[in-house]
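Let me begin by presenting the structure, written as structure tokens, before commenting on it.
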Amino acid sequence: MDLPHPFESDDDTLHEECGVFGAIALDDAAAATALGLHALQHRGQEAAGIVSFDGQEFYARRGSGHVAENFSAPEAIASLPGTMAAGHVRYSTTGGAGLRNVQPLYAELAAGGFAIAHNGNISNSLHLRRELVKSGAIFQSTSDTEVIIHLVATSRYPSTLERLVDALRLVEGAYALIVMTPKGMIACRDPLGVRPLVMGRMGDGYVFASESVALDVIGAEFEREVDPGEMIEITLDGELKSHRPFGQHSPRPCIFEHVYFSRPDSIFTGRSVYEARKEIGVELAREKPVEADLVIPVPDSGVPAAIGYAQESGIPFELGIIRSHYVGRTFIQPGDANRHSSVKRKHNANRRLVEGKRIVLIDDSIVRGTTSLKIVQMMRDAGAKEVHFRVASPPTAHSCYYGVDTPERSKLLAAQMDVEPMREFIHADSLAFISIDGLYRAVGAEKRNNGCPQFCDACFTGDYPTSLTDASERDDPQLSLPVGQVA
């Protein structure tokens, strides 16, 4: 992802910042990669890139916009020959600087070409970058992924695999990586498994993806998740070796994948994301019941939890909000008036249904609270008698440093006030969140193990599973951002 950046002031959604896909020992590897990236489009909608290798040369194609805008034409795929390819979809951030940050990044190293696609965030990248620049490194992007390339390039180990291991021992944070070299592909996941990565088979070839749904779309057979800390090395002819160079650690996969990020038809930590979200709704109904006439999801992410809430509570489920799927991101719309009407352009109340009713709104999270406020007001304007807000996650009170775009903590509503003031802020008749233990039960655990949590839940608890060097050095007057980076 890109280096730290300000959160867009009129954007009130958490964003998973990228998705990765890789294919090796496959005919038309680039075509499979493009199709896989299309299935991961929800993880990054601002830019996409693919790098391929034909046994002799690397080829790259990158562009702003959706996958379909860049890789639908036959000539686009024809420009990416070979039986190995890796791709990346990216959510463009404020600090990004155009196409130079679009992955996979590529460099010519002493051992040959090196391409890397990265999902996650290196939480000591600024610290490492400063040290690398002091030693003479020249950076071409503002991406923390480029730090990994420089660490590999300067390692003294003989093989690329050993150099990559050496580099990753120096980084902290979260990563799911797909690396291509002239000898083959390396797929790896950070020792805690914060960011997701799965492996599949397609004939004699292998594919890797951020989510299992991408394997479904291309017709690959799901094999398993890449284990936390595992590095899978595959040669060009399909020979596979598994390495575990980082020892054993208690996994901490991101629990927000179950809440929001992953597509509902994906499998994460061995559990159907759709079923997990329904169970979140069930737990929410048990913990925070309310007398009402209708259960209404805030589309689309609130739908499965709302189904679970309705089934457990016995209150009818209805689509009281209709969403337009043809509206771009709020902050790219010109003019204040357009920005302020963003909720109305994305969502419209089903007035005939909600008028005179007591309704329960179900949403996945509350970030800044501005969208929740507008949704509640929309229901009141449509004639709702009572509006009760239920949230399918605990209060989001802490920033994420592991690859999720969140505002700084001072702009998170839950960091500034308790639940009752939050209720007053969004003008709901009642407001309640699922408990942290309820969330854990919904995703298959008995409860949260406070001594050794089973997931990364730092955005809710502030319990960060790694060191946060850059955050701790943020006030260091000697720490400067690269040219072009917004401070």
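FYI, side chains are in, hydrogens and waters are out, and symmetry mates aren't considered; it's all heavy atoms of this structure.
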Practice item. For a side-chain hydrogen bond (donor to acceptor under 3.5 Å, both in side chains) with E233, tell me which candidate from H243, K241, K183 qualifies. Key: H243
Do [X] and [Y] have side chains that get closer than 4.5 Å, going by heavy atoms?
X	Y	answer
I50	R61	no
Y260	S365	no
F460	I434	no
D463	P453	yes
Y402	D190	no
C188	V226	no
H258	T269	yes
D363	T371	no

Exercise for review: For T83 and D27, run side chain to side chain contact (heavy atoms under 4.5 Å, CB included): C-alpha distance rounded to whole Å, both residues' side-chain angles, the deciding distance at 0.1 Å, then the answer.
Suggested key: CA-CA 5 Å; T83 60; D27 294 334; 4.3 Å; yes
Quick check against the 3.5 Å criterion: does [X] have a side-chain atom that pairs as donor or acceptor with the backbone of [Y]?
X	Y	answer
H347	P299	yes
R189	E230	no
R277	A306	no
E69	H66	yes
D470	S125	yes
D144	I122	yes
R409	A397	yes
N124	L170	yes
T33	G22	no
Q140	R100	no

To the nearest 0.5 Å, what is the distance between [atom1] on [X] and [atom2] on [Y]?
X	Y	atom1	atom2	result
E283	K278	CD	NZ	14.0 Å
R130	E473	CZ	CD	5.0 Å
F114	M180	CZ	CE	10.5 Å
T469	L126	OG1	CG	10.5 Å
H118	I148	NE2	CD1	5.0 Å
S393	I255	OG	CD1	10.0 Å

Exercise for review: Test R195 against every option in N121, N119, L177 by the side-chain contact (heavy atoms from CB on, under 4.5 Å) rule and name the one that passes.
Suggested key: N119
Point to revise | Ring center gap for F139 and H150 short of 6.0 angstrom | key: yes
For residues [X] and [Y], report the shortest heavy-atom separation together with the two atoms involved.
X	Y	result
I366	S372	CG1-OG, 3.5 Å
S141	L105	OG-CD1, 4.3 Å
A111	P182	O-CG, 4.3 Å
D54	Y59	OD2-OH, 2.9 Å
M84	A29	N-CB, 3.6 Å
V102	A47	CG2-CB, 3.7 Å

**Study point:** Residue pair R62, V51: steps toward the side chain to side chain contact (heavy atoms under 4.5 Å, CB included) verdict
**Key:** CA-CA 8 Å; R62 305 178 181 88; V51 173; 4.0 Å; yes
Point to revise | Audit row: S155, E162, side-chain hydrogen bond (donor to acceptor under 3.5 Å, both in side chains) steps and yes/no | key: CA-CA 9 Å; S155 173; E162 291 172 309; over 6 Å; no
Practice item. Apply side chain to side chain contact (heavy atoms under 4.5 Å, CB included) to I77 and D28, showing your working. Key: CA-CA 8 Å; I77 300 302; D28 299 321; 5.8 Å; no
Exercise for review: Begin with the C-alpha distance, continue with both residues' side-chain angles, and end with the deciding distance and a verdict on salt bridge (charged side-chain N to carboxylate O under 4.0 Å, His left out) for E46 and R90.
Suggested key: CA-CA 6 Å; E46 302 295 337; R90 172 174 174 267; over 6 Å; no
Exercise for review: Could you check T142 against N101 for side chain to side chain contact (heavy atoms under 4.5 Å, CB included), going step by step and ending with a plain yes or no?
Suggested key: CA-CA 7 Å; T142 59; N101 280 335; 2.8 Å; yes
Check your understanding: Should we say atom CD of Q56 is surrounded by more than 12 heavy atoms from elsewhere, each under 6.0 Å from it?
Key -> no
Review point. Around atom CZ of R156, are there more than 12 heavy atoms of other residues, nucleotides or ligands at under 6.0 Å?
Key: no
Review point. Do the ring planes of Y464 and H398 sit parallel (below 30°), tilted (30 to 60°) or perpendicular (above 60°)?
Key: perpendicular
Indicate every side-chain donor-acceptor pair of residues 207-217 with a distance under 3.5 Å to a residue at least two apart or in another chain.
residue	atom	partner	partner atom	Å
S210	OG	V20	N	2.9
E211	OE1	R263	N	2.8
E211	OE1	S266	OG	2.7
E211	OE2	H42	NE2	2.7
E211	OE2	R43	NH1	2.6
S212	OG	I267	N	2.8

Practice item. State, without any angle test, whether D457 and Y440 hold a side-chain donor-acceptor pair at a distance under 3.5 Å. Key: yes
Review point. Can you find a side-chain donor-acceptor pair between R201 and Y206 that sits under 3.5 Å?
Key: yes
